[in-house]
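First the structure, in the form of structure tokens, and then the observations on it.
Naming: A, B, ... by sequence-line order, numbering from 1 per chain. Atoms considered below: every heavy atom in the structure, side chains included; atoms not considered: hydrogens, waters and symmetry mates.
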Amino acid sequence: MGMKIYNSLNRRLEDFEPLNPEQVTIYSCGPTVYDYIHMGNARTALVTDIIRRYLLYKGYNVKLVQNLTDIDDKIIRRAAELGISVKQLAHQNGEAYFEDSQRLGIQPADVHPKATEHIREMIDLIQILIDKGAAYVVDGSVYYRVDQFAEYGKLSNRKPEDLLAGARVEINEEKEDPRDFDMWKAAKPGEPSWDSPWGKGRPGWHIECSAMAMKHLGETIDIHAGGEDLLFPHHENEIAQSELATGVTFARYWMHVAFLKIDGKRMGKSEKNFILLRDALDHYPTEVIRHFLISAHYRHPLDYNQESLTKSEGALRRLNNCLDTLKQYDGEVGLNEKTDVPLQHAVQEMKARFTQAMDTDFNTAQALGAIFSLVSEVNKAFNTLDEMAAPVLAEAYQALAETCQVLGIYNNVETQEETGDNVEQRDELVKLLLEIRQEARNRKDWETSDKIRDRLKELNIQIQDTHHSTTWKFTTK
RNA sequence: GGUGGCGUAGCCAAGUGGUAAGGCCAGGGCCUGCAAAGCUCUUAUUCGUCGGUUCGAUUCCGACCGCCACCUCCA
């Protein structure tokens, strides 16, 4: 079965067919770097990350471009407040963005273009639009003439009259039409500016995405993603600029991520009710936050609260307990046609359900359901299977590790450097303690055995008695 | 005023024109010296309300109620 993506342009689920089967192109609207990113920003970035991971899992080549808006009103204002240069503020927050993203397990895009490094491309694009009569210059500013683009409003499903009646349209005497938007802002005293054919100034917001997407991905891109607040006017304006300039479709699939809420309201910087991603990461592991953010479908609102994070913690614990136990079978071979245990079917079913879920507009919530169903089956199997089933358990491990890594909820990397004399010594010490405890247990000296268990737990080492042995592992808390 | 979305068990959350995935929490049982982990049973005859279409609707249509968002910078 092929993939389907919900396209905001038609508000329908559509079959996904990349323009060039060799390479899927994705443009994701990135942050304006005037501050650290919050959990809502993280949700959008994470969705993009998972879309890319899944497309790679499906065998596509992907080129992902995500911009950094490093010049705008908010950055100028914030820099002034802090008494540092715009450039410095943007640089600091840009670096912080990469750091935070990386901590959330988000892999860097192939290109992270910055607005200030593409002034030339933006000027060229604006000039094309002026030449076509789609833009006009007033006192050093350039505005887009909305009524020149017949399809204006096709993304946001708005008619020209809808945009005027009752709408909160900025009053600006310079504009011919209130709907027109600026592509180039004439310089104001003290603000950063660049030379242009229309005098010193700086780019408007929407033009950067058009220019940078086209430069790095071509005139037509496959997927354009962003938060749902960008649908109008940002994305509508990107379409207007790009398509009038090139005459071809700008983006074939528009994807919009629903808001993260907090206490039932949109988490937003202007409401001052946001949780910074870096603060959340200080309290919860990467995988827990990722699990929380993908526990609902990306087009549905999700409410941030401590209870939900606690639920994700519990779910991750269940998953990791299973994977930790399964991992020891990794590498077991010997599976053949004669091997026939029910778990094999469960593995196949999980893979099929996972793919089906992700194929259908990246339904991560449903994909998690498939994964946890197999976790249940594996746990049951532990109680009943004999050692002959080891290859099947290895297969289950592979399937779970692979799918969980698409979602980024399984950290298979050893947390500490698992080499060196200290580590060996540590392991031997734990082993020694467990031996002493076993001896105590043998003579029913529960006081001593429980003391060892309790004290180890205080040291974040959790031990478990099974039928024939005692296992131990590190815990996070 | 315009546009769009949401309302599923105690909580979170998938989903389908044919009788409700998964997770968290809770309680009983099994296992265990006790824990932990795991298993197991219990937890929505029901999917905001009221109508309609249909052999049959939670799923389609209409009305209503409630909530949210965009139309202004915001992922």
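Contact annotation for A/Ala225: no contact, since no heavy-atom pair falls under 4.0 Å across all strands. Nucleic acid contact for A/Asn383: sugar-phosphate only, since backbone atoms but no base atoms lie under 4.0 Å from a heavy atom of the residue. Note on A/Ala296: only backbone sugar-phosphate atoms sit closer than 4.0 angstrom, heavy atoms only; bases stay farther off. Using a 4.0 Å heavy-atom distance criterion, A/Leu231 is classed as making no nucleic acid contact. Note on A/Arg158: a base of the nucleic acid sits closer than 4.0 angstrom, heavy atoms only. Across all strands shown, A/Ile371 has no heavy atoms under 4.0 Å from either base or sugar-phosphate atoms. Counting non-hydrogen atoms under 4.0 angstrom, A/Arg437 reaches a base of the nucleic acid. Among the heavy atoms of the strands lying under 4.0 Å from A/Ser156 are primed sugar atoms or P, OP1, OP2 only; no base atom is included.
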Hey, what are the protein-to-nucleotides 22-25 of chain B N/O distances that come in under 3.5 Å?
{"unit_1": "B/rG23", "atom_1": "OP1", "unit_2": "A/Arg318", "atom_2": "NH2", "d": "3.4"}

Sort me out a list of protein N/O and nucleotides 67-69 of chain B N/O pairs below 3.5 Å, or just none if empty.
{"unit_1": "B/rC68", "atom_1": "OP1", "unit_2": "A/Lys265", "atom_2": "NZ", "d": "3.0"}

Below 3.5 Å is the cut-off: list the nitrogen or oxygen pairs between protein and nucleotides 40-43 of chain B, distance only.
{"unit_1": "B/rU40", "atom_1": "OP1", "unit_2": "A/Lys380", "atom_2": "NZ", "d": "3.4"}

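In terms of position along RNA chain B, the nucleotide closest to A/Phe382 lies nearer the 5' end than the nucleotide closest to the other residue of the pair A/Phe382 and A/Lys74. Each of A/Gln366 and A/Tyr6 was matched to the nucleotide of RNA chain B holding its nearest heavy atom; the match closer to the 5' end belongs to A/Tyr6.
A salt bridge links A/Asp177 with A/Arg179: the distance from a Lys NZ or Arg NE/NH1/NH2 to an Asp or Glu carboxylate oxygen falls below 4.0 Å. Salt bridge absent: A/Asp303 and A/Arg266 never bring a charged side-chain N and a carboxylate O closer than 4.0 Å. Salt bridge A/Lys311/A/Glu307: present, at least one basic N to carboxylate O contact under 4.0 Å. Ion pair A/Glu14/A/Lys4 not flagged as a salt bridge, since none of the NZ, NE, NH1 or NH2 atoms sits closer than 4.0 Å to an Asp/Glu carboxylate oxygen. Of the charged side-chain nitrogens involved, none lies within less than 4.0 Å of a carboxylate oxygen, so that A/Asp73 and A/Arg77 do not count as a salt-bridged pair. Salt-bridge formation is detected for the pair A/Arg453/A/Asp450: a Lys NZ or Arg NE/NH1/NH2 atom is positioned less than 4.0 Å from an Asp or Glu carboxylate oxygen.
Counting to the nearest Å, the P atom of B/rG15 and the CG atom of A/Leu13 are 10 Å from each other. Rounded to whole angstrom, the span from the CG atom of A/Leu155 across to the P atom of B/rC70 amounts to 16 Å. Remark: P of B/rC71 and NE2 of A/His256 are 12 Å apart, rounded to the nearest angstrom. In this structure, the CD atom of A/Glu236 is 13 Å from the C1' atom of B/rG4, given to the nearest Å. Spacing between atom CZ of A/Phe232 and atom P of B/rG5 amounts to 17 Å, rounded to whole angstrom units. To the nearest angstrom, C1' of B/rA35 lies 19 Å from CH2 of A/Trp472. Residue A/His224 contributes atom NE2, which lies 13 Å from atom P of B/rA75 at whole-angstrom precision. Atom C1' of nucleotide B/rC70 and atom CG of A/Asn157 are separated by 12 Å, given to the nearest angstrom.
Taking atom P in both B/rU45 and B/rU32, the straight-line distance is 37 Å, to the nearest Å. If you take atom C1' in B/rU19 and the same atom in B/rU59, they sit 11 Å apart, rounded to whole Å. Straight-line distance between the C1' atoms of B/rU16 and B/rC50: roughly 23 Å, to the nearest whole Å. Nucleotides B/rA75 and B/rC70 have their P atoms positioned 12 Å apart, rounded to a whole Å. Spacing between B/rG29 and B/rG10 at atom P, rounded to whole Å, works out to 24 Å. Here, B/rC55 and B/rU43 have their C1' atoms 33 Å apart, quoted to the whole Å. Spacing between B/rG62 and B/rC67 at atom P, rounded to whole Å, works out to 22 Å. For the C1' atoms, the distance linking B/rA44 with B/rG52 amounts to 25 Å, nearest Å.
Side-chain contact, A/Asp72 with A/Tyr34: no donor N or O sits under 3.5 Å from an acceptor N or O. Between the side chains of A/Ser141 and A/Asp182, no donor-acceptor pair is found at a separation under 3.5 Å. In the model, A/His256 has a side-chain atom that pairs as donor or acceptor with a side-chain atom of A/His235 under 3.5 Å.
The six-membered or imidazole ring of A/Phe250 lies near that of A/His224, with a centre-to-centre distance under 6.0 Å. The aromatic ring centroids of A/Phe16 and A/Tyr253 lie less than 6.0 Å from each other. Note: A/Tyr397 and A/Tyr329 fail the aromatic proximity criterion, with ring centroids not under 6.0 Å apart.
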What does the 5'-to-3' dot-bracket notation of RNA chain B look like when only Watson-Crick and G-U wobble pairs under 3.5 Å count, and pairs to other strands show as |? (((((((..(((.....[...))).(((((.......))))).....(((((..]....))))))))))))....

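The base of B/rG15 has none of its N or O atoms less than 3.5 Å from a complementary donor or acceptor on the side chain of A/Asn363. Between the side chain of A/Asp303 and the base of B/rC12, no donor-acceptor pair of N or O atoms lies under 3.5 Å. A donor N or O paired with an acceptor N or O is not found under 3.5 Å between the base of B/rA75 and the side-chain atoms of A/Arg43.
Of the candidates B/rA75, B/rC73, B/rG33, the closest approach to any side-chain atom of A/Ser270 belongs to B/rC73. With distances taken from any side-chain atom of A/Arg11 to the nucleotides B/rC71, B/rA75, B/rG4, the minimum falls on B/rG4.
For the side-chain contact (heavy atoms from CB on, under 4.5 Å) test, residues two or more places apart in sequence or in another chain that qualify with A/Leu82 are A/Arg78, A/Ile84, A/Leu89. Annotation: side-chain hydrogen bond (donor to acceptor under 3.5 Å, both in side chains) contacts of A/Thr286 (sequence neighbours excluded): none. In terms of the ring pair (Phe, Tyr, Trp, His ring centres under 6.0 Å) criterion, A/Tyr298 has no residue partners (sequence neighbours excluded). Residues passing the side-chain hydrogen bond (donor to acceptor under 3.5 Å, both in side chains) test with A/Thr32, sequence neighbours excluded: none. With sequence neighbours excluded, no residue satisfies side-chain hydrogen bond (donor to acceptor under 3.5 Å, both in side chains) with A/Ser295.
Using a 4.0 Å cut-off on heavy atoms, the residues of residues 33-42 of chain A that approach RNA chain B are A/His38, A/Gly40, A/Asn41, listed by number.
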Side chains of residues 146-155 of chain A: which donor-acceptor partners sit under 3.5 Å, not counting sequence neighbours?
{"unit_1": "A/Tyr152", "atom_1": "OH", "unit_2": "A/Asn237", "atom_2": "OD1", "d": "2.5"}
{"unit_1": "A/Lys154", "atom_1": "NZ", "unit_2": "A/Glu243", "atom_2": "OE1", "d": "2.8"}

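Listed by first and then second residue, the salt bridge (charged side-chain N to carboxylate O under 4.0 Å, His left out) pairs that reach into residues 277-289 of chain A are A/Glu99-A/Arg278, A/Asp100-A/Arg278, A/Arg103-A/Asp282, sequence neighbours excluded.
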